[in-house]
Amino acid sequence: MKPQNIESLWTHLHWLTVLAQQGSFTAAALRLGVSKAAMSQRIAELERAAGAPLVQRTTRSVRLTEAGQRLVEDMRGPFEQIAHSFAGVRDLAGVPRGLVRVTAPVAFARQQLVPRLADFLRAQPEVRLELDLSDRLSSLAMEGFDLAIRHTAAPPDTHVAWTLCETRSVLVASRAYLRRRGTPREPQALAEHDCLHYPRAQETPTWHFEAKASAPRITVPVSGPLVANNSEALRDAALSGLGIALVPDFSAQAALQSGKLQQVLPQWRSVGAFGERLYAIRPYATHVPQAVTAFVGWLREALSEGFSA
């Protein structure tokens, strides 16, 4: 292939890498701001120029062929370097600007992050945020995220991480439920209550507690009418009087402050149910756009006090 023909395919190659990241023509076209037809046409042109199929198409998704995967792996590094270099040039102006792609847990983002974002966006009018709400642990580099907010006990060693705030798990129930069933005075009493819990790998669900003073850890088997993999759903079920829910403090904060929920066993600390801190995490990079730095700084200040009711 003549050099000038290769140069005419730079955009096609970039679109192929985005297609590999997104997993479908529809998602890739949305990410690039183009039509699905244009996306399909560019990939077809690239396949004709390469003389080999690069993508295996199905009704729901796409999968790269061996040739396509090789191209994507070879191109990923150069395209990332181009993006970083261009971001560095734009940052010379000294004003945070551009798109910051962020992934965050669903319940935390809905209840704590999104209500605060207007303050940041007003303060940084040149910055745009693309927020992905998901509880799955995304690969930041593979999926093109600049930043992740993670609720975990410890961040991965392979990324740069900032602690945003401490969090804790709290037991909550409605006044109506506690009037009907009584208020537990010790963790062991939870075995006789309807407990709304997050699904875990173990066959028998258990909650673990420690007293604030030095004392042995207590493990209690629990059961109840509802299991849900979202703390917002568990909180809402508790508000409906279905039982006692164990949720992160950021999910329960507003309901506790309003008195719609009551904390149960406040003298005991739940152990191992959810993460102990919120972190902002980004991939290692030689250059970090000012927009990302500005957003991390704002997050650290906005969330510094945690979620005490």
Side-chain angles (χ1 to χ4, degrees), residues 18 21-23 27 30-31 83 87 96-124 126-170 198-199 228-236 245-255 273-285 288-309:
V18 174
Q21 292 173 353
Q22 300 299 313
L30 183 63
R31 169 78 189 278
R97 68 182 66 200
L99 177 66
V100 180
R101 300 191 69 236
V102 184
T103 179
V106 177
F108 165 76
R110 282 170 50 89
Q111 296 168 60
Q112 301 290 347
L113 179 60
V114 173
R116 292 173 160 92
L117 285 181
D119 291 340
F120 172 76
L121 293 172
R122 290 190 190 104
Q124 301 292 348
E126 298 296 320
V127 176
R128 294 177 296 118
L129 296 177
E130 182 179 318
L131 189 59
D132 175 81
L133 306 189
S134 175
D135 291 328
R136 67 186 179 89
L137 301 181
S138 305
S139 169
L140 304 192
M142 287 294 294
E143 299 186 39
F145 290 112
D146 300 295
L147 200 69
I149 298 175
R150 296 271 171 85
H151 186 212
T152 183
D157 294 336
T158 54
H159 291 65
V160 178
W162 297 268
T163 300
L164 299 179
C165 64
E166 304 285 331
T167 69
R168 61 191 183 98
S169 302
V170 293
Y198 198 99
N229 67 343
N230 177 272
S231 64
E232 198 170 23
L234 295 174
R235 180 208 60 192
D236 289 351
L246 180 59
V247 296
D249 53 2
F250 56 73
S251 282
Q253 184 186 38
F274 296 97
E276 298 175 354
R277 294 175 181 85
L278 278 168
Y279 293 92
I281 299 172
R282 68 164 176 81
Y284 281 103
V288 182
Q290 285 194 27
V292 174
T293 301
F295 187 56
V296 170
W298 175 82
L299 282 172
R300 296 181 73 182
E301 181 176 355
L303 302 175
S304 61
E305 296 184 0
F307 311 105
S308 173

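Across all their heavy atoms, Ile281 and Pro155 have their closest contact at CD1-CB, 4.0 Å. Taking every heavy atom of both residues into account, Ser231 and Val247 meet most closely at O-CG1, 3.8 Å. The two residues Ser169 and Phe274 have their closest heavy-atom pair at OG-CD1, 3.4 Å. Shown here for Ala153 and Tyr279, the closest heavy-atom pair between the two residues is O-OH, 3.7 Å. In terms of heavy atoms, Pro199 sits closest to Ala228 at CD-O, 3.2 Å. Contact detail for Thr158 and Tyr284: the closest heavy-atom pair is O-CD1, 3.0 Å.
Distance check: Thr167 OG1 to Leu303 CG gives 11.0 Å after rounding to the nearest 0.5 Å. To the nearest 0.5 Å, the span separating OG1 on Thr103 from CG on Asp146 amounts to 11.5 Å.
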- Stepwise, does the side chain to side chain contact (heavy atoms under 4.5 Å, CB included) test hold for Leu147 with Leu299? CA-CA 11 Å; Leu147 200 69; Leu299 282 172; 4.1 Å; yes
- side chain to side chain contact (heavy atoms under 4.5 Å, CB included) between Phe307 and Val170, worked out: CA-CA 11 Å; Phe307 311 105; Val170 293; over 6 Å; no
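With contacts defined as side-chain heavy-atom distances shorter than 4.5 Å, the pair Val127/Phe295 does not qualify. Taking the side chain as every heavy atom from C-beta outward, Arg128 and Arg97 never approach each other to under 4.5 Å. The side-chain heavy atoms of Leu278 and Trp162, taken from C-beta on, include no pair separated by under 4.5 Å. Put simply, the side chain of Leu234 does not reach to within 4.5 Å of the side chain of Leu246, judged on heavy atoms.
Scanning for salt bridge (charged side-chain N to carboxylate O under 4.0 Å, His left out) contacts around Glu276 gives an empty result, with sequence neighbours left out. Contacts of His159 classified as side-chain hydrogen bond (donor to acceptor under 3.5 Å, both in side chains), with partners at least two apart in sequence or in another chain: none. Residues satisfying the salt bridge (charged side-chain N to carboxylate O under 4.0 Å, His left out) test with Arg277, not counting sequence neighbours, are Glu166. Residues satisfying the side-chain hydrogen bond (donor to acceptor under 3.5 Å, both in side chains) criterion with Thr152, sequence neighbours excluded, are absent altogether. Every residue was checked against the side-chain hydrogen bond (donor to acceptor under 3.5 Å, both in side chains) condition with Gln22, not counting sequence neighbours, and none meets it. Under the side-chain hydrogen bond (donor to acceptor under 3.5 Å, both in side chains) criterion, Arg282 pairs with no residue, sequence neighbours left out. In this structure Leu131 satisfies the side chain to side chain contact (heavy atoms under 4.5 Å, CB included) test together with Val102, Ala104, Leu113, Val114, Leu117, Leu133, sequence neighbours excluded. Take Phe108 and apply the ring pair (Phe, Tyr, Trp, His ring centres under 6.0 Å) test, not counting sequence neighbours, and it matches Phe250. Partners of Ala254 according to the side chain to side chain contact (heavy atoms under 4.5 Å, CB included) rule, which considers only residues two or more places apart in sequence or in another chain, do not exist here. Every side chain to side chain contact (heavy atoms under 4.5 Å, CB included) that Ala302 has, sequence neighbours left out, goes to Arg116, Trp298. With sequence neighbours excluded, the residues forming a salt bridge (charged side-chain N to carboxylate O under 4.0 Å, His left out) with Arg110 are Glu232, listed by chain and number. Taking the salt bridge (charged side-chain N to carboxylate O under 4.0 Å, His left out) definition, one finds that Arg101 meets it with Glu130, sequence neighbours left out.
Side-chain N/O atoms of Gln111 and Arg235 include a donor and acceptor closer than 3.5 Å.
Formation of a donor-acceptor pair under 3.5 Å by the Tyr198 side chain with backbone atoms of Asn229 is found in this model.
Open room surrounds CD on Glu301; 12 or fewer heavy atoms of other groups in view lie less than 6.0 Å from it.
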